[in-house]
Amino acid sequence: MRNFETIRRHIKASGFHIKMEDEDVLCIELSLEQGTRHQAIFLSELDDDDGRPYLRVSTAVAPTTGLDARRALVFNWESRVGYLGIGDLDGVPYLQLCENRPYDGLDPAEVDRLVLEIGGLGDRMERMMSAGGDLL
């Protein structure tokens, strides 16, 4: 996978439910637990300091209001996949679960795995932090 357009074509061909599509971002809705839960996954491109392109896969977990920063930092320390950050979602700061991967060596199976892993883990974290709620 060389660029964001190859990612876009792969996502479309794979049958993921695309909720929003822009030039440099895709939003996929994952249906989890036999359709009883849903998780929005965002795919976008970013460049490192050398200009090397990366794919970012992210999902909103919880609003930052009342967030226990210690728990978030412990998760970051213990996590083998993904990291937590704060990003804006419709003007509201949200805790986001993210993973960045360079396009070099990224193949379709890895893209699918990232979407499913970040989506599933994000949904579990969302449920834990929102007393079982589902933001989407």
Side-chain angles (χ1 to χ4, degrees):
M1 315 230 81
R2 297 190 187 284
N3 56 41
F4 194 71
E5 189 53 39
T6 60
I7 301 286
R8 179 189 319 276
R9 285 194 304 268
H10 167 70
I11 293 296
K12 285 181 174 181
S14 294
F16 284 108
H17 180 239
I18 297 173
K19 292 221 21 133
M20 187 271 301
E21 185 174 356
D22 207 354
E23 181 179 330
D24 56 354
V25 69
L26 286 173
C27 177
I28 299 168
E29 180 183 290
L30 289 182
S31 179
L32 304 164
E33 297 186 18
Q34 289 80 37
T36 62
R37 297 190 58 85
H38 298 88
Q39 193 71 21
I41 310 299
F42 295 89
L43 289 87
S44 58
E45 182 175 271
L46 60 128
D47 295 327
D48 71 2
D49 293 339
D50 298 343
R52 192 168 81 158
Y54 280 71
L55 173 67
R56 171 173 282 170
V57 180
S58 63
T59 189
V61 173
T64 59
T65 309
L67 182 71
D68 180 358
R70 185 181 188 289
R71 284 178 63 189
L73 291 172
V74 168
F75 170 86
N76 275 349
W77 180 256
E78 294 174 352
S79 179
R80 290 177 258 347
V81 174
Y83 64 91
L84 295 173
I86 295 175
D88 235 31
L89 187 62
D90 295 329
V92 177
Y94 267 81
L95 184 67
Q96 303 254 351
L97 177 63
C98 308
E99 180 72 31
N100 299 329
R101 295 288 174 86
Y103 285 127
D104 301 342
L106 196 58
D107 64 18
E110 181 69 2
V111 171
D112 292 349
R113 191 187 71 71
L114 283 170
V115 166
L116 296 173
E117 190 165 26
I118 294 298
L121 180 55
D123 183 65
R124 288 190 301 278
M125 292 178 75
E126 177 183 349
R127 186 179 334 189
M128 184 179 68
M129 295 180 149
S130 66
D134 194 11
L135 301 170
L136 176 82

Mark yes or no for whether Asp68, through its side chain, and Arg70, through its backbone, hold a donor-acceptor pair below 3.5 Å. yes
Tell me who clusters with Leu46, hydrophobic residues only, linked when side chains sit under 4.5 Å apart either directly or through other members. Tyr54
How many angstroms lie between CG in Leu43 and CD1 in Ile118, if you round to the nearest 0.5 Å? 10.5 Å
Is Arg52 close to Asp104 at the side-chain level, that is, under 4.5 Å between some pair of heavy atoms? yes
Side chains of Met1 and Thr6 in contact at under 4.5 Å (non-hydrogen atoms): yes
Among Phe75, Trp77, Tyr83, which one satisfies side-chain contact (heavy atoms from CB on, under 4.5 Å) with Ser79? Phe75
Between CD on residue Gln39 and CZ on residue Arg124, distance to nearest 0.5 Å: 10.5 Å
Counterpart residues, side-chain hydrogen bond (donor to acceptor under 3.5 Å, both in side chains), relative to Thr64 (two or more places apart): none
When you compare the side chain of Tyr103 with that of Leu55, does any pair of heavy atoms fall below 4.5 Å? yes
If you define the side chain from C-beta out and look only at heavy atoms, does anything of Pro93 sit under 4.5 Å from Asp88? yes
For residues 113-122, the salt bridge (charged side-chain N to carboxylate O under 4.0 Å, His left out) pairs (sequence neighbours left out) are Glu110-Arg113, Arg113-Glu117
With side chains defined as the heavy atoms from C-beta onward, is the minimum distance between Arg127 and Glu33 less than 4.5 Å? yes
Using a 3.5 Å distance criterion without hydrogens, assess whether the side chain of Arg8 forms a donor-acceptor pair with backbone atoms of Glu23. yes
